[in-house]
Amino acid sequence: MRTMLFDLDDTLLDFKRSAEQSLHQVFHAYGLPFNQDVRDYYQKTNRSLWEQYEQGKVKKEYVITERFNRTFAAFGKKGSGERADRMFRQGLEEHVYLVDGAEQILDYLSYHAVICAVTNGIGDTQRRRLKKAGLIDQFDQLFISGDIGSAKPSNHFFDHVFAVLDQPDRSQTAIIGDSLAADIEGGFRAGIKTVWFNPEHHKVPHNADAEIHRLQELEKLDFTVQKPM
């Protein structure tokens, strides 16, 4: 492949682990224990709101505050979703962890392809997390939904990626990500190769071109060609 597009959260960066620690801090500050009931309600609400964002139904600013507002209200607490989100993002930037093999696979693929990040998130937050993780210099380009104004899996997001790359031939591009909805569906609609990163071995139907359970498996896929000079 001439170009490899990598999702970040739960593909290269262990977002679940970072978010868990950050959410503990946020809810503790509001006097709300982050127990299973609170965790389940927040995660269900958060997932629903991000799905609406990916479908273009709501703005990102609404998602990142409303998820906290709804959780506080559901458990009888008063709080500012805007302030809670700032605390949460600060925690994400402090607690950064790599998915096993992330640095090594980027090193390997950098000799074979142009490496880009494609992520739904806040621009400044994602850049700071990549910097702390020591990965930011591994990428030739960063494409972040908060900067672009649209999110994966929208055609607008991927059209922007290829316009910046000045790469009309999409047949030499692959996307690697953990989300069937954002990464695999978005890649399919964009006309590029798709690799589903499924470390938890979920048994669900999908239309990805390949499925991997460890990042190191990318070395064995016949998706790479010599990096253009």
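Computed from a prediction, not measured in an experiment: that's the story for all the values here.
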> With clusters built from Ile, Leu, Val, Met, Phe, Trp and Tyr whose side-chain heavy atoms come within less than 4.5 Å, directly or transitively, what are the remaining members of the cluster of F75, listed by chain and number?
Replying inline: F15, L23, V26, F27, Y30, L32, F34, V38, Y41, Y42, F68, F72, M87, F88, L92
> Counting distance only, does the side-chain N/O of K193 pair as donor-acceptor with the main-chain N or O of D209 below 3.5 Å?
Replying inline: no
> If you group Ile, Leu, Val, Met, Phe, Trp and Tyr whenever their side-chain heavy atoms sit less than 4.5 Å apart, what else falls in with I144?
Replying inline: none
> Out of curiosity, does I148 fall in the hydrophobic cluster containing V58 (side-chain heavy atoms, cut-off under 4.5 Å, transitive links)?
Replying inline: no
> Closest heavy-atom contact between E54 and A182?
Replying inline: OE2-CB, 3.9 Å
> Considering all heavy atoms of both residues, which atom of H213 and which atom of N198 are nearest to each other, and what is their separation?
Replying inline: CD2-O, 2.9 Å
>> Tell me whether the rings of W50 and Y53 are parallel (<30°), tilted (30 to 60°) or perpendicular (>60°).
In response: perpendicular
> Can you check salt bridge (charged side-chain N to carboxylate O under 4.0 Å, His left out) on E82 and R86, steps first, answer last?
Replying inline: CA-CA 6 Å; E82 183 177 355; R86 287 198 301 269; 3.6 Å; yes
> Heavy atoms, side chains only, cut-off 4.5 Å: are L49 and R70 in contact?
Replying inline: yes
>> As a test of understanding, state which of I175, V204, I176, N207 forms a side-chain contact (heavy atoms from CB on, under 4.5 Å) with W196.
In response: V204
> For G121 and S145, which heavy atoms make the closest approach, and how far apart are they?
Replying inline: N-OG, 2.9 Å
> How about T65 and D85: does a side-chain donor come under 3.5 Å of a side-chain acceptor?
Replying inline: no
>> As an exercise, state the distance from CZ of R2 to CD of Q172, rounded to the nearest 0.5 Å.
In response: 8.5 Å
> Which heavy atom of I122 sits nearest a heavy atom of K60, and at what distance?
Replying inline: CD1-CD, 3.0 Å
>> For H206, is the NE2 atom crowded, meaning more than 12 foreign heavy atoms sit under 6.0 Å from it?
In response: yes
>> Before you tell me yes or no, could you show the steps for L215 and L12 under side chain to side chain contact (heavy atoms under 4.5 Å, CB included), namely the whole-Å CA-CA distance, both residues' side-chain angles and the distance that decides it to 0.1 Å?
In response: CA-CA 9 Å; L215 291 174; L12 296 177; 4.0 Å; yes
>> Taking V195 as the starting point, is it possible to reach M4 by hopping between hydrophobic residues whose side chains are less than 4.5 Å apart?
In response: yes
> G101 and Q216: which non-hydrogen atoms are nearest, and at how many Å?
Replying inline: CA-NE2, 3.8 Å
> Is any side-chain heavy atom of T194 less than 4.5 Å from a side-chain heavy atom of D183?
Replying inline: no
> Going through the checks in order, is the salt bridge (charged side-chain N to carboxylate O under 4.0 Å, His left out) test met by E20 and R39?
Replying inline: CA-CA 9 Å; E20 182 79 6; R39 179 185 287 104; 2.5 Å; yes
>> Would H95 and Q25 count as a side chain to side chain contact (heavy atoms under 4.5 Å, CB included) here? Give the steps.
In response: CA-CA 11 Å; H95 308 296; Q25 294 176 339; 3.2 Å; yes
> Going through the checks in order, is the salt bridge (charged side-chain N to carboxylate O under 4.0 Å, His left out) test met by K152 and D7?
Replying inline: CA-CA 10 Å; K152 299 176 297 181; D7 172 57; 2.9 Å; yes
> What's the verdict on side chain to side chain contact (heavy atoms under 4.5 Å, CB included) for R89 and I64, showing C-alpha distance, side-chain angles and the deciding distance?
Replying inline: CA-CA 10 Å; R89 298 202 170 281; I64 63 180; 3.3 Å; yes
> Can you check whether T3 reaches R170 side chain to side chain, under 4.5 Å on heavy atoms?
Replying inline: no
> Under a single-linkage definition using a 4.5 Å side-chain heavy-atom cutoff for Ile, Leu, Val, Met, Phe, Trp and Tyr, are F139 and F143 assigned to the same hydrophobic cluster?
Replying inline: no
>> Testing the basics here: between V96 and S18, what is the closest heavy-atom pair and its distance to 0.1 Å?
In response: CA-OG, 3.9 Å
> Which of these, L165, V164, V161, sits in a side-chain contact (heavy atoms from CB on, under 4.5 Å) with C116?
Replying inline: L165
>> Exactly one of K132, R128, R127 should register a salt bridge (Lys or Arg N to Asp or Glu O under 4.0 Å) with E93. Which one does?
In response: R128
> Are L13 and Y108 connected in the hydrophobic side-chain network, where two residues link if heavy atoms are under 4.5 Å apart?
Replying inline: yes
> With side chains defined as the heavy atoms from C-beta onward, is the minimum distance between F157 and V118 less than 4.5 Å?
Replying inline: yes
> Are more than 12 heavy atoms from other residues, nucleotides or ligands located less than 6.0 Å from atom OH of Y97?
Replying inline: yes
> Between D147 and L142, does a side chain to side chain contact (heavy atoms under 4.5 Å, CB included) hold up when you go through it step by step?
Replying inline: CA-CA 10 Å; D147 296 336; L142 303 178; over 6 Å; no
> If Ile, Leu, Val, Met, Phe, Trp and Tyr residues are connected whenever their side-chain heavy atoms lie under 4.5 Å apart, and connections chain through other members, are I192 and I115 in the same group?
Replying inline: no
>> Looking at N120 and A151, would you say the former's side chain and the latter's main chain have a donor-acceptor pair under 3.5 Å?
In response: no
>> A quick test of your reading: do over 12 heavy atoms of other residues, nucleotides or ligands sit less than 6.0 Å from CZ of R189?
In response: yes
> With distance as the sole test, does T71 use its side chain to make a donor-acceptor pair with the main-chain N or O of R67 at under 3.5 Å?
Replying inline: yes
> Roughly how far apart are K77 NZ and N69 CG, rounded to 0.5 Å?
Replying inline: 15.5 Å
>> With a 3.5 Å distance limit and no angle check, can you tell me whether D10 reaches the backbone of K16 through a side-chain donor-acceptor pair?
In response: yes
> Is the backbone of L135 close enough, under 3.5 Å, to the side chain of Q138 for a donor and an acceptor to pair up by distance?
Replying inline: no
> With a cut-off of 6.0 Å (strictly less than), are more than 12 heavy atoms of other residues, nucleotides or ligands near CG of D159?
Replying inline: yes
>> Using 0.5 Å steps for rounding, measure from the CD1 atom of I105 to the CD atom of E219.
In response: 4.5 Å
